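Throughout, protein chains are lettered first and strands after them, A, B, ... in sequence-line order, and every chain is numbered starting at 1. Please read these numbers as outputs of a predicted model, since none were measured by experiment.
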There are 2 protein chains.
Amino acid sequence: MRELTIGEAARQAGVGVETIRFYERRGLIDRPLKPHGSGFRIYPAEQIKRIKFIRQAQQIGFSLKEIHELLALRADPKADCSMVREQAVAKLEEVRRKIEQLRQIDSALEALIAVCPGCGALQACSILDTLVEPSRGPVPRIEAEGPLPTASPQRTRQRNGRFGGNNRGTINKRSGPP
Amino acid sequence: MRELTIGEAARQAGVGVETIRFYERRGLIDRPLKPHGSGFRIYPAEQIKRIKFIRQAQQIGFSLKEIHELLALRADPKADCSMVREQAVAKLEEVRRKIEQLRQIDSALEALIAVCPGCGALQACSILDTLVEPSRGPVPRIEAEGPLPTASPQRTRQRNGRFGGNNRGTINKRSGPP
DNA sequence: CTTGATTCCGTACCATAGTACGGACCCTAT
DNA sequence: ATAGGGTCCGTACTATGGTACGGAATCAAG
């Protein structure tokens, strides 16, 4: 089975038909218009892995735009090779940052699991504490350190009086582009 | 400096003021309503790390809903500890899947970079090939294997005749929940 | 006390990533 | 030939994660 209809391709890649058409519109995959007769898209089986790659890349935090860039990266002598290389290096750094962050969460979860099972008299310990406090030693011992930043559904407030006041001139800049 | 206004907190966390209010509405952070006088939110400095954590977790592919779950995970004797543990283990598995996927992309990028610099007469080689082909050996040697699935902006098509036909009954199920 | 900067809240708006729909078209089997 | 299923395309709608705005209130300085 070398060629697939859109429906089969979707099933094999684990996505919806519409999703494939959507990716096509975004230029993430292309479509070999009716190579013999007419009418329907048919995909070579290897497109499936492209689609699967897109999904996986999304799950680890890449946007479709970034995935497009990733897929466009290719050692092609006809292109400006140094630019490709630069982009690849930049992406690699990004990937490593992500891995590092995931590793931190990984150990935080491990620590949490290590502390939890006995279900003894432990203080509340969120992933944040494990993450942010440097924690010397293999498994961080958590002792009471006062109340942690907990998100509880508390809310009590009201307004009453009112009179003039105004502020125009959006001040909302933060690090990084919009 | 133990307490911050929303503006300072936003600046320190590298987000917009509105973002903090947004997270608050989503229950990701809480707000210690005017502890002394009245009116404005003030945050303990440690909330900053909570906000930073949220951002980082987003960058590695967690949704706000998932981040909420992550932050809610805590070794708390008052809660059902076994459930917490289960969730933590599930999250840990998820994190490790992500790490694995990132590592694959990592080596694909490395291979791409290793092959690129000379800018010699190489065949086009996208990240996909490096990723999907098992590639025995440290740096996969890429030899021409025929045209790869490339996304090019080609598009030529038209319609003309028309007559009856209909299809009701959405068939679009795929693996996994919606 | 006035001024200007911040903050408050609610609502509206935006981009991204799909999903669903409608109505037509094409293909295969009967 | 015709019935039914899969496809086609364009457009509309949804969900998520913010951003922007308007007008009022509040704080800190002068």
Assert: residue with more 5' nearest nucleotide on DNA chain D, out of T5(A) and R21(B), is T5(A)
Does R25(B) contact dG10(C) through a side-chain donor or acceptor facing the base, at a distance under 3.5 Å?
no
Cationic tip of K91(B) within the cone over F62(B)'s six-membered ring, i.e. under 6.0 Å and within 45° of the normal?
no
Measure from the side-chain heavy atoms of L64(A) and tell me the nearest of dG18(C), dC8(D), dT7(C).
dG18(C)
So, is Y23(A) close to the dA17(C) phosphate, meaning a side-chain N or O under 4.0 Å from OP1 or OP2?
no
Do the side-chain N or O atoms of R41(A) get closer than 4.0 angstrom to the phosphate oxygens (OP1, OP2) of dT7(D)?
no
Tell me which nucleotide among dC8(C), dA17(C), dT19(D) gets nearest to the side chain of F22(A).
dA17(C)
Starting at the 5' end of DNA chain D and moving along, which residue's nearest nucleotide shows up first, S63(B) or G7(A)?
G7(A)
Quick one: which of dG18(D), dC8(C), dC8(D) gets closest to the side chain of R31(B)?
dC8(C)
According to side-chain hydrogen bond (donor to acceptor under 3.5 Å, both in side chains), who are the partners of E93(A), at least two apart in sequence or on a separate chain?
none
Quick check for you: to the nearest 0.5 Å, what is the distance between L73(B) atom CG and I127(A) atom CD1?
6.5 Å
At under 4.0 Å, does any side-chain N or O of Q58(A) touch on OP1 or OP2 of dG18(C)?
yes
Any side-chain hydrogen bond (donor to acceptor under 3.5 Å, both in side chains) involving residues 100-114 of chain B? Give me the pairs, sequence neighbours left out, ordered by first then second residue.
R96(A)-D106(B), R96(A)-E110(B)
